[in-house]
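Every value quoted in this text rests on a predicted model; they were computed, and no experiment measured them.
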Amino acid sequence: MTPDLRDFLEALYARYHHAETVARDPLSFPRRYDDPLDQEVAGFIAASLAFGNVRALMARCADLLDGLGPRPSEALAALAPSRALDLVAGFRHRFVGPGETASLLVALGRLVREDGGLKPSFLEGFRKHGHVPQGLWTLARAIHQRSGGGSPGFLVPLPSPGHASKRLFLFLRWMVRRDGLDLGLWREVRPADLVMPLDVHVFRVAGFLGLLPRRRSGPRLADALALTEALRRFDPDDPVRYDFALSHLGISRACRGRADPVACPRCPLVAACGEARAITSPRRTRGRVRASPRCP
């Protein structure tokens, strides 16, 4: 690993970690609201939909939350299962349709009405075991159990060793960290307890930087835990502080997931990136730079 990697990560943080970037991030949806319970349920909806094309997921989040009105927690608490499907009629985000979406909304409404929010279900597992994956498991289980006879399916994965559970860890980051962007609502959890929300893009970049082994298979829970530990060396009290910036390296298309003679020289991580070194010492074929193959 490059000795000065901390400096490169700080430069990346400085580039992306500001309010203007939030407008292009699903975090912008819970930040619409002032009431913490509205922020909580809007945050879970937005995090659950945080997969696929960014423009599409932002549009679908807006559709759902606009339909719930200015107080989504109150709308969900009053939502009857018989009305949930009417509310999301025609809704689709990639392979998720009205059935899964209605089940999620019904479950969130029941948690608001019966428990006062989502935090009690999370704290049940977190306090018993002392680790956030167990807390997220009890939260995900509670949502599945209260989904009105349907299932939220892919929207709410039950954490498992083979699944990085990126969207659940993303939601928890929003609820816990207090930095002017994340919401910092759940004070019972320390930022030091968090786990990196690891998607395919951040997994690739972590491999480029030597923070994780590079391999063809997708990210797993063990990879999310390992990357968190690697980043803990730079900030033991807040190991996921670089997540927002690393994710926006991909959202902004500044990183293409492979050596790119146009994008790489503009990247703050270029000097630390094993993939980008192909730019500084290119192989040439018939006078053209041949970039390294796409990273697995």
Side-chain angles (χ1 to χ4, degrees), residues 17-50 57-81 83-84 86-88 91 93 101-127 132 135-136 138-140 142-148 152 155-156 167-191 193-194 197 240 243-244:
H17 208 272
H18 46 75
E20 290 79 4
T21 311
V22 175
R24 303 185 295 276
D25 191 278
L27 175 57
S28 61
F29 291 101
R31 284 169 55 92
R32 288 179 171 186
Y33 307 97
D34 296 323
D35 183 84
L37 192 52
D38 290 331
Q39 293 177 330
E40 189 175 287
V41 296
F44 198 89
I45 290 169
S48 297
L49 291 168
L57 73 88
M58 295 287 283
R60 299 293 78 74
C61 286
D63 289 343
L64 274 185
L65 291 170
D66 289 348
L68 292 171
R71 292 299 310 276
S73 62
E74 291 183 359
L76 289 169
L79 182 65
R83 285 278 302 126
D86 293 336
L87 182 66
V88 297
F91 180 89
H93 177 46
T101 309
S103 294
L104 172 62
L105 298 185
V106 168
L108 295 179
R110 287 179 170 173
L111 287 172
V112 169
R113 188 168 62 248
E114 297 168 9
D115 297 350
L118 283 65
K119 183 166 63 173
S121 293
F122 170 81
L123 290 178
E124 176 189 342
F126 177 68
R127 286 174 168 163
V132 298
L136 289 171
T138 56
L139 173 57
I143 290 172
H144 279 264
Q145 289 174 340
R146 302 194 204 190
S147 59
L155 287 173
V156 187
R167 289 168 289 132
L168 289 173
F169 288 124
L170 179 65
F171 167 73
L172 192 61
R173 192 203 90 199
W174 295 349
M175 295 298 105
V176 171
R177 292 190 70 256
R178 299 176 285 276
D179 65 349
L181 298 188
D182 292 322
L183 301 167
L185 302 178
W186 292 6
R187 299 300 180 100
E188 297 86 349
V189 187
R190 303 174 304 157
D193 296 323
L194 295 174
V240 307
D243 174 57
F244 183 84

Is any side-chain heavy atom of [Y] closer than 4.5 Å to one of [X]?
X: L136; Y: F126; value: no
X: E188; Y: K119; value: yes
X: F29; Y: I45; value: no
X: L49; Y: F44; value: no
X: H144; Y: P152; value: yes
X: L64; Y: C61; value: no

Taking atom [atom1] of [X] and atom [atom2] of [Y], what is their separation to the nearest 0.5 Å?
X: L68; Y: L87; atom1: CG; atom2: CG; value: 5.5 Å
X: L118; Y: S73; atom1: CG; atom2: OG; value: 11.0 Å
X: M58; Y: D25; atom1: CE; atom2: CG; value: 6.5 Å
X: E40; Y: W186; atom1: CD; atom2: CH2; value: 5.0 Å
X: L194; Y: D243; atom1: CG; atom2: CG; value: 10.0 Å

Search all heavy atoms of [X] against all heavy atoms of [Y] and return the closest pair with its distance.
X: A46; Y: P26; value: CB-O, 3.7 Å
X: A140; Y: L168; value: CB-CD1, 4.5 Å
X: R31; Y: L181; value: NH1-O, 3.1 Å
X: P191; Y: R178; value: CD-NH2, 4.0 Å

Query raised in the report: Which is it for D182 and V176 under the side-chain contact (heavy atoms from CB on, under 4.5 Å) test, yes or no, and what are the steps along the way?
Result: CA-CA 7 Å; D182 292 322; V176 171; over 6 Å; no
Query - With H17 via ring pair (Phe, Tyr, Trp, His ring centres under 6.0 Å) - residues at least two apart - result: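 With neighbours one apart ignored, the set is Y13, F244.
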Query raised in the report: Could R146 and D115 be called an ion pair, given the rule that one side-chain N must be under 4.0 Å from one carboxylate O?
Result: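 Salt bridge between R146 and D115, a charged N being under 4.0 Å from a carboxylate O: yes.
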Query - Under-4.0 Å salt bridge between R173 and D179 - result: no
Query raised in the report: Any donor and acceptor pair, going by atom type alone, linking the side chain of R167 with main-chain N or O of A50 inside 3.5 Å?
Result: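 Judged by distance alone, no pair lies under 3.5 Å.
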Requested in this report: Give a yes or no on whether the backbone of S121 and the side-chain of T138 come within a donor-acceptor separation of less than 3.5 Å.
Outcome: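 Yes, the answer is positive, given that a donor and an acceptor are paired below the 3.5 Å cut-off.
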**Report entry** Check against side-chain contact (heavy atoms from CB on, under 4.5 Å), D193 and L172
**Finding:** CA-CA 10 Å; D193 296 323; L172 192 61; over 6 Å; no
Side-chain polar contacts of residues 101-112 - donor-acceptor pairs under 3.5 angstrom, sequence neighbours left out - could you list them?
{"from": "T101", "atom 1": "OG1", "to": "G97", "atom 2": "O", "distance (Å)": "2.8"}
{"from": "S103", "atom 1": "OG", "to": "G99", "atom 2": "O", "distance (Å)": "3.1"}
{"from": "S103", "atom 1": "OG", "to": "S151", "atom 2": "N", "distance (Å)": "3.1"}

Query - side-chain contact (heavy atoms from CB on, under 4.5 Å) between F171 and L139, intermediate numbers included - result: CA-CA 12 Å; F171 167 73; L139 173 57; 4.1 Å; yes
Query raised in the report: Would L65 and Y33 satisfy side-chain contact (heavy atoms from CB on, under 4.5 Å), going step by step from the backbone distance to the final call?
Result: CA-CA 11 Å; L65 291 170; Y33 307 97; 3.6 Å; yes
Report task. Decide if atom CG of D86 counts as having more than 12 heavy atoms of other residues, nucleotides or ligands within a radius under 6.0 Å. Result ->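 More than 12 within 6.0 Å, yes.
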Requested in this report: Please report the C-alpha distance between R32 and D66 in whole Å, then the side-chain angles of each, then the deciding distance to 0.1 Å, and finally whether the salt bridge (Lys or Arg N to Asp or Glu O under 4.0 Å) criterion is met.
Outcome: CA-CA 11 Å; R32 288 179 171 186; D66 289 348; 3.1 Å; yes
